[in-house]
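Some notes on the structure that comes next.
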Amino acid sequence: VSSALQDQAFGISSDATAIDPRWSTSTSIKQFGSSLPTTWGARHIRRDRVTAGAPAIHSQAYVPTTGQGLEAALFQNRSELKLLTGQVAMHLGRAERTSLFEAIDRLLDIEHWEDESSKIDVGAFRTYLRFAIYARPGRIPNLGVGPSGALLAGWRSEGRSAHVEFLPDDQCVALLRYESVRGPETSAWRGHVARLRSMIEGLTESKLLD
Amino acid sequence: VTADPDIFRAAKLLINQHGGDFSRLARNELSSSLCWSPAEDKIMLAGIWYRERGSIALTGSNMPPGGYRRPPIVEAVIEHRFEQTLSEDALKKFVRNVDGSYPTTEQMFDVSLEVTPVAAGQDAATVAKQELAGYRMTASDSINIVVLRKDRIATARRAPYCGWREFSEKANENLLALKKVSGYRTVTRIAARYINRIDIPTQAGHATNAKDYILAAPDLPAEAAAVDAYSLQLSMPVPAIAGHAVVRTGPVTSPLIDHTSLLLDIDLYRDQNLPQKDADLVQLLEEIRLQKNYLFEAFITARAREIFDRE
C-alpha cells in the first residue's frame, strides 16, 4: 500500500512527523506513512508505483524560502541536532535540554562563525546524547566542536580532567589527566561510550563526571 | 476528590447497572482508586473516568493527574482539512502573518514526471510538472511546526511535549489565523495524531516481549516472542467522536543504549458531519483528546506506565 493510499484510507494526519530515519526502521517509515525530518533541498517523500506506461512518478520537493548558503547550512545543522535531542528529550532533565540547546545555538551561531569553525557531525552528536542518557553524568560538561565535526566535552575537577571526543557510531576518544602518588599522569582511551564512565572513574579514581 | 462511601455505592450501582463487574475488588482497593470530580460531575473508578450521559461513556483514562513524568510522545499533530481549497495568495498571506512565530519556511512542491514508452531507438517522451503544494514553517526551536497545504493545515509539536492546553491552543490560533486570510472554509476533517515511543531498558543480549508493554502485538509462541520487526495497523470506529482511530505499532531502532523501543502511533479523526462553529470544533477536539488518552491507556500495560512515570 503506497503512502498516498494510506493517506486516503487511514487518514494520516500530517506528513510533519519527526521519526528520525537513523532511529527508525525503513519499514516503519513506510508503513506509518511518515516523512523524513526536514532538510534543505529536494527529497522524495512519496512515490507511487513505477511501471512502464503507468501514471507519472509523483514526489515532493522542499525548497527553502528564507536564508541561503552558510546561514541555511547552519540552520539545517541546528535543526537536525535539536530534532535528535527532542527525540530523547523525555530522558533528559530540563537543565540538560536547555544547556544542550544553548550549546547548539552557540556553536552554530553565524554571528561568531569563523573560517576554521566546523559544523557538528550529527552522528557524533547522537553518540554524545546516547552517552549522556546511558551514563547520566551529574555535571553538564563544557561542549565544543572539533575540526572534523566531532563533539568535544570536558569535565574538570581538583587537578583531574577528562576531555572526550565523541565520534559517530557510539565511539569516543578520552584524554584523562590526574594526579598519582608519583606525579601527574595522562591516559588516552578509545572505545564504546557505554564504557566511558567506568574508564574515567577507574583511571582518575574519582567521580569526575558528577 | 473523595472516597466517600455514598459516592462509592453510587458509583458501584452506576457501573453495575451498565454491566460492569467490580465485585471482585476489595473495598480498600476501590477506596484508593475512587475519585470524584464534582466540578466536572464525573467519577474515576479503578483508574478510569466515568461520566453519566444517558449511558456511561469512557471520558478519560488512568493517566496520572498532570500527565506522566516522562511522556513518551515524540510528536503530536492536530490537523484540519477543508472542503474549499485555499488560493496561493491566501497561503502566502498566512505565511507572512505567522512569520514571527515560524521564521523558517520551506515551499513544498508536488513534482511529477511522466514517461511514455516508445519503440526502441526513439527518444522517450517525458513530461515534467511542478506545482506548489504548500508550505512547511518551523519555529526557531525546531520543535513547533506548521504544515500548510491547499486543503489543510496541520500544527505539529515534536518532543518535548508541552501539554495539551498549550498545544491545542497553538493549533487553534493557527486555524483562526488561516481563516482570517482565507475567509470561511467548511471543515471536512479534524484529526489528532500522537506518536509515542516506549523505550524499554533491555540488557544487551536479552530479548523483550512487546506484549509486556503494548497490548497490541503479534500473538507468538514464547520461544519466538522476541521478534525484531513487525508492523501492526488497526483501524476502529470511535463512537464517542463519531469518527475513527488508526493505531499503529511496531518496534523501531532505539535511540538509547541497551534499550528496545516500540512505537505506538494513535491517529483519531472525524470526517463526517463536522460542526462548523469555532467553539464546537474546539469542543470536538477536546473530545478527540479524551478518546486518544483512553485509547493510549487501553493499549499500554502497567509495566509501560512504570517507564513513563519513573523519577
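These values consider heavy atoms only, across backbone and side chains, with no hydrogens, waters or symmetry-generated copies. In what follows, every chain begins at residue 1, and chains take the letters A, B, ... in the order their sequences are listed.
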Contacting region of A/His192 [heavy-atom separation from chain B under 4.5 Å]
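It is the side chain, since no backbone atom gets that close.
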
Run A/Phe166 and A/Phe125 through ring pair (Phe, Tyr, Trp, His ring centres under 6.0 Å) and show every step you take.
CA-CA 7 Å; A/Phe166 289 91; A/Phe125 188 79; 9.8 Å; no

Per-residue contact mode, [X] against chain A (heavy atom under 4.5 angstrom):
X        : value
B/Pro201 : neither
B/Ile257 : both
B/Asp258 : side chain
B/Ser140 : backbone

Only residue of B/Arg270, B/Arg189, B/Arg149 satisfying salt bridge (Lys or Arg N to Asp or Glu O under 4.0 Å) with B/Glu79 is B/Arg189

Looking at A/Glu205, I want to see if its CD is surrounded by more than 12 non-hydrogen atoms of other residues, nucleotides or ligands under 6.0 Å.
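Counting other residues, nucleotides and ligands, CD of A/Glu205 stays at 12 neighbours or fewer.
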
Ring center gap for B/Phe94 and B/Tyr135 short of 6.0 angstrom
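Centroid separation for B/Phe94 and B/Tyr135: 6.0 Å or greater.
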
Out of B/Ala159, B/Ala128, B/Pro72, B/Pro71, which one racks up the most heavy-atom pairs below 4.5 Å with chain A?
B/Ala159

Using the test salt bridge (Lys or Arg N to Asp or Glu O under 4.0 Å), find all partners of A/Asp121 that sit at least two apart in sequence or belong to another chain.
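Here no residue qualifies.
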
